[in-house]
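Whatever order the structure lists ligands and atoms in, that order sets their numbers, starting from 1. Just so you know, these numbers use all the heavy atoms, side chains as well, and skip hydrogens, waters and symmetry mates.
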Amino acid sequence: MRILKGAEVSARIKEQVREELEKLQVKRPGFVPKLAIVRVGENPDDVSYERGAIKKMENFGLRAQSYTFPKDISNEEFKAGFKAINEDPDVAGILLLKPLPKQIQEKEIDCMMKPEKDLDGISPVNMAKIFMGDDTGFAPCTAEAVVEVLKANEIPIAGKRVTIVGRSLIVGKPLSMLMMKENGTVTVCHTKTLDLPGTCRQAEILVAAAGKARMLDEAYVGQDAVVIDVGIHVDEDGKLCGDVDFASIEQKASAATPVPGGVGTVTTAVLAKHLVRAGIRWAE
Ligand code: NAD
């Protein structure tokens with residue numbers, strides 16, 4: 001089984017970002033696009049993701065700053081704080097860490113977010129663009145990362161049976177649109193899917209985005225399928241793992257992404273790609 005390492009895909013994207021940044025420097029000497037990472041509360045997963053994202057942006061030659069708010073902030077106060085970031089001309093792109101605490105009306109914030117700063121594709125305008133196959137918007141970074149992994153490894157999508165396990169707004173649904181745009185024949189599975197293992201076994205490309213640790217084992221994988229694991233979990237021994245039981249599929253899959261070191265690494269690289277694109281638009 002071929003292991004599809006995220007680092008190699010990320011390095012390719014880094015090169016693209018470097019080229020774009022050089023062009024940007026010609027247009028606007030000294031301008032380096034800045035990402036605002038907006039976090040409410042101190043959830044350790046968010047803090048760790050934020051730290052990784054800041055490191056990645058800086059490593060890619062970009063800027064990132066975290067904007068934090070207390071967990072018990074009121075909806076109105078958070079909206080006012082968010083509005084200031086949204087309108088700050090020094091901020092080229094925004095990443096809002098979710099879920100937000102219950103008192104905050106998440107949908108209102110999604111709708112407020114300027115589409116041109118919405119690097120993770122959560123605003124209605126960007127969602128509509130994905131649905132329309134219009135690539136002038138931003139798709140959610142994780143969904144786009146899955147397509148990047150396949151393309152960088154020269155795994156064709158056109159005409160292939162692609163099965164996605166998960167229909168969330170941030171991964172499964174937008175990914176189904178991106179895969180259709182690449183001419184894949186897409187099946188989306190969820191908690192009410194009957195015969196999930198049988199449906200998954202039909203897939204030539206299987207994407208696991210169910211959010212259940214090691215749920216998909218060899219019974220879900222057809223012979224020689226390509227398996228992309230989006231899940232990120234910490235198991236009972238404190239180790240990172242995905243939605244796929246990696247060891248059990250080794251004799252069946254032709255290729256698979258590991259966790260850690262797979263899709264997650266590419267997701268932050270896609271975020272950097274979106275940030276430089278937002279910066280170019282801003283400069284224009
Ligand atoms: P989610 O919980 O919002 O959605 C999970 C989806 O899977 C739902 O649509 C649900 O119907 C489906 N599902 C759940 N259990 C199922 C089952 N037993 N059978 C069939 N379908 C089932 O999760 P999400 O935000 O889409 O994230 C999915 C996974 O991806 C999580 O593990 C998350 O940590 C990870 N994630 C990774 C990245 C990354 O950068 N790699 C980014 C975002 C999310």
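When the options V162, V146, T185, V227 are evaluated for a side-chain contact (heavy atoms from CB on, under 4.5 Å) with I205, the one that passes is V162.
Residue contacts with ligand 1, taken as heavy atom pairs separated by less than 4.0 Å, involve V230 via backbone and side-chain atoms alike. At a heavy-atom distance under 4.0 Å, atoms from both the backbone and the side chain of T191 approach ligand 1. Under 4.0 Å from ligand 1, the heavy atoms of L196 that appear belong solely to its side chain.
Close contacts of ligand 1 with H233, meaning ligand atoms under 4.0 Å from a residue heavy atom, involve 32 (O). If you number the atoms of ligand 1 from 1 as listed, the ones under 4.0 Å from a heavy atom of G231 come out as 29 (C), 30 (O), 32 (O), 35 (C). The contact set between ligand 1 and R167, taken as ligand atoms under 4.0 Å from a residue heavy atom, comprises 6 (C), 8 (C), 9 (O), 11 (O).
Pairing each heavy atom of G279 with each of P33, the nearest pair is CA-CG, 3.9 Å. Across every non-hydrogen atom of V32 and G61, the tightest pair is CG1-O, 3.4 Å.
Looking from atom 40 (O) of ligand 1 to the surrounding protein, the closest heavy atom is T267 OG1, 3.0 Å. For atom 28 (C) of ligand 1, the closest heavy atom belonging to the protein is A209 O, 3.7 Å. Of all protein heavy atoms, the one lying nearest to atom 43 (C) of ligand 1 is T142 OG1, 3.7 Å.
Of the candidates G211, P174, S168, the one placing a heavy atom closest to atom 29 (C) of ligand 1 is G211.
Contact analysis puts I170 in contact with ligand 1, with a non-hydrogen atom separation below 4.0 angstrom. Heavy atoms of M215 come nearer than 4.0 angstrom to ligand 1 in at least one pair. The closest approach between a heavy atom of G172 and any atom of ligand 1 is not below 4.0 Å.
The shortest N or O to N or O distance between I232 and ligand 1 is under 3.5 Å.
Proximity of T268 to Y49: side-chain heavy atoms (C-beta onward) are separated by under 4.5 Å at one or more points.
Between the Q25 side chain and the G30 main chain, a donor and an acceptor come within less than 3.5 Å of each other.
Using a 4.0 Å cut-off between charged side-chain N and carboxylate O, D90 and K34 make a salt bridge.
In this structure, atom 2 (O) of ligand 1 has no protein heavy-atom contact shorter than 4.0 Å.
Between H274 and F138, the ring planes are tilted. Angles from 30° to 60° get that label.
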